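Values in this document were obtained by computation on a predicted structure and should not be read as measured data. Chain letters run A, B, ... following the sequence lines, proteins first, then strands; residues in each count from 1.
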There are 2 protein chains.
Amino acid sequence: MSVKARRRMTAQMDRAARVCARQGAQLTPLRRHVLGLILEVGAPLTAYQLLDRLKLTHKGAAPPTIYRALDFLMEQHLVHKIERLNAFVPCVEAGHRHPAQFLICCQCGVVSEIENRAAANALEHAAEQEGFRPRNTVVEIEGVCAACFRPS
Amino acid sequence: MSVKARRRMTAQMDRAARVCARQGAQLTPLRRHVLGLILEVGAPLTAYQLLDRLKLTHKGAAPPTIYRALDFLMEQHLVHKIERLNAFVPCVEAGHRHPAQFLICCQCGVVSEIENRAAANALEHAAEQEGFRPRNTVVEIEGVCAACFRPS
DNA sequence: CTTTCCAAGCAATATTATATCATACCGGCC
DNA sequence: GGCCGGTATGATATAATATTGCTTGGAAAG
Ligand SMILES: [Zn+2]
Ligand SMILES: [Zn+2]
Ligand SMILES: [Zn+2]
Ligand SMILES: [Zn+2]
């Protein structure tokens, strides 16, 4: 892991701590550790992949351990679940509830979160035209990322 | 099941038959039966719910039976999977590949598929801005439907 | 008739997620 | 100190979802 990446990770962790403090939520060592695993890998990880990593340092971790931590982190808007992959990624704009939009490359597996207001607005409009009140919007776009399309 | 609903179902089944014929795909009795189960219920059903129903008339059906049928039906664009629910619904515009957009009511559970070009275009645009080539776009909007919001 | 292909049967297993009950810890409070 | 209520975690079991591998049978192609 590069110095740069480590610095970014620390910044994200600090941010997470502030977010939780603001909400009166407890970012316990365990939850912090799980968030750390998600941040350091930088790729979508399934609950059981996280569990395996957690077990290395946290003997006795079991499925509920990881799922509870993930539930907490999702409630605090620190991580997202990618439904198509049953995998979890850090939120790029941690701490705010916002419509989730993901680009999922089916060649290299990279998932990137985008925040496109125009698209979010269009979707909200579409829902309202049906008399529907959106609460939680998820967009998952599978395709080929720029890097894979032009393997320069 | 009402007469009207039955007629609609027959029409959808006929359409499915035409779609498959056009593709040289075999809508076998088993696959047809599974599609029928999905059409007649009109609510999202999980694979195992479908399996239970299938077993009533098709002794010996097992998980692969239903998953294979569902895979086929999805390939033919006759049904969609709702990732958030691990459940399957008929496609309202059967037979065409198209961006999937769903409104999921968290109160009554109703899922309705919409086809909003503006939103689809906005999303495609958003992806292309990142140099991403979308292949398969899924939108799942959870919220409160008109009926539940105004329980007149 | 033989080969080929594909759907379906069948058994086992893998993966993902939750239920339940017990224990530990931390604060306020008497 | 001793108790109490709330929250986080430990521990075990089980539920729910999905896939793999191998076999069989029947129809279509050659
Ligand atoms: Zn986010
Ligand atoms: Zn890629
Ligand atoms: Zn559709
Ligand atoms: Zn509703």
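Stacking of A:Tyr48 onto the six-membered ring of C:dT15 is not present when judged by under 5.5 angstrom between centres and under 30° between planes.
When the P atom of C:dT16 is taken as reference, atom CD of A:Gln49 falls 7 Å away, rounded to whole Å. Between the P atom of D:dT20 and the OH atom of B:Tyr67 lies a distance of 12 Å, rounded to the nearest Å. When rounded to the nearest whole Å, the span between CD1 of A:Ile66 and C1' of C:dA17 equals 13 Å. Going from atom CG of A:Leu45 over to atom P of C:dT15 covers 15 Å, rounded to whole Å. Following rounding to the nearest Å, A:Leu54 (CG) and D:dT9 (P) show an atom-to-atom distance of 11 Å. When the C1' atom of D:dT9 is taken as reference, atom CZ of A:Arg32 falls 18 Å away, rounded to whole Å. For A:Lys55 and D:dA11, the NZ to C1' distance is 13 Å, given to the nearest whole Å. Following rounding to the nearest Å, B:Arg84 (CZ) and C:dT16 (C1') show an atom-to-atom distance of 17 Å.
Residue B:Leu37 forms a side-chain contact (heavy atoms from CB on, under 4.5 Å) with just one option from B:Leu54, B:Thr57, B:Asp52, and that option is B:Leu54.
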Practice item. Determine, stepwise, if the pair B:Glu93 / B:Arg15 fulfils salt bridge (charged side-chain N to carboxylate O under 4.0 Å, His left out). Key: CA-CA 10 Å; B:Glu93 193 61 23; B:Arg15 174 167 192 151; 3.7 Å; yes

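When the local axes at the two ends of the helix from C:dC1-D:dG30 to C:dC30-D:dG1 are compared, using 5 base pairs at each end, they differ in direction by 10° after rounding to 10°.
In this structure B:Ala127 satisfies the side-chain contact (heavy atoms from CB on, under 4.5 Å) test together with A:Leu103, A:Ile141, B:Phe132, B:Pro134, sequence neighbours excluded. The side-chain contact (heavy atoms from CB on, under 4.5 Å) check on A:His80 picks up A:Val89, A:Cys91, A:His98, A:Ala100, A:Phe102, A:Glu113, with sequence neighbours excluded. For A:Ser2, the side-chain contact (heavy atoms from CB on, under 4.5 Å) partners are A:Lys4, A:Ala5, not counting sequence neighbours.
Taking the side chain as every heavy atom from C-beta outward, B:His58 and B:Leu30 approach each other to under 4.5 Å.
Listed pair A:Asn86 / C:dT15 fails the phosphate criterion, with no side-chain N or O lying under 4.0 Å from OP1 or OP2.
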Point to revise | Summary of protein contacts for nucleotides 5-11 of chain C, nucleotide by nucleotide, where a base hit scores B, a sugar-phosphate-only hit scores S (4.0 Å, heavy atoms) | key: --SBBBB

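In this structure, the side chain of A:Arg133 does not engage the main chain of B:Phe149 through any donor-acceptor pair within 3.5 Å.
Sorted by first then second residue, the salt bridge (Lys or Arg N to Asp or Glu O under 4.0 Å) pairs that include residues 136-148 of chain B, not counting sequence neighbours, are B:Arg84-B:Glu142.
The CD atom of A:Glu75 sits 10.0 Å away from the CZ atom of A:Arg97 when rounded to the nearest 0.5 Å.
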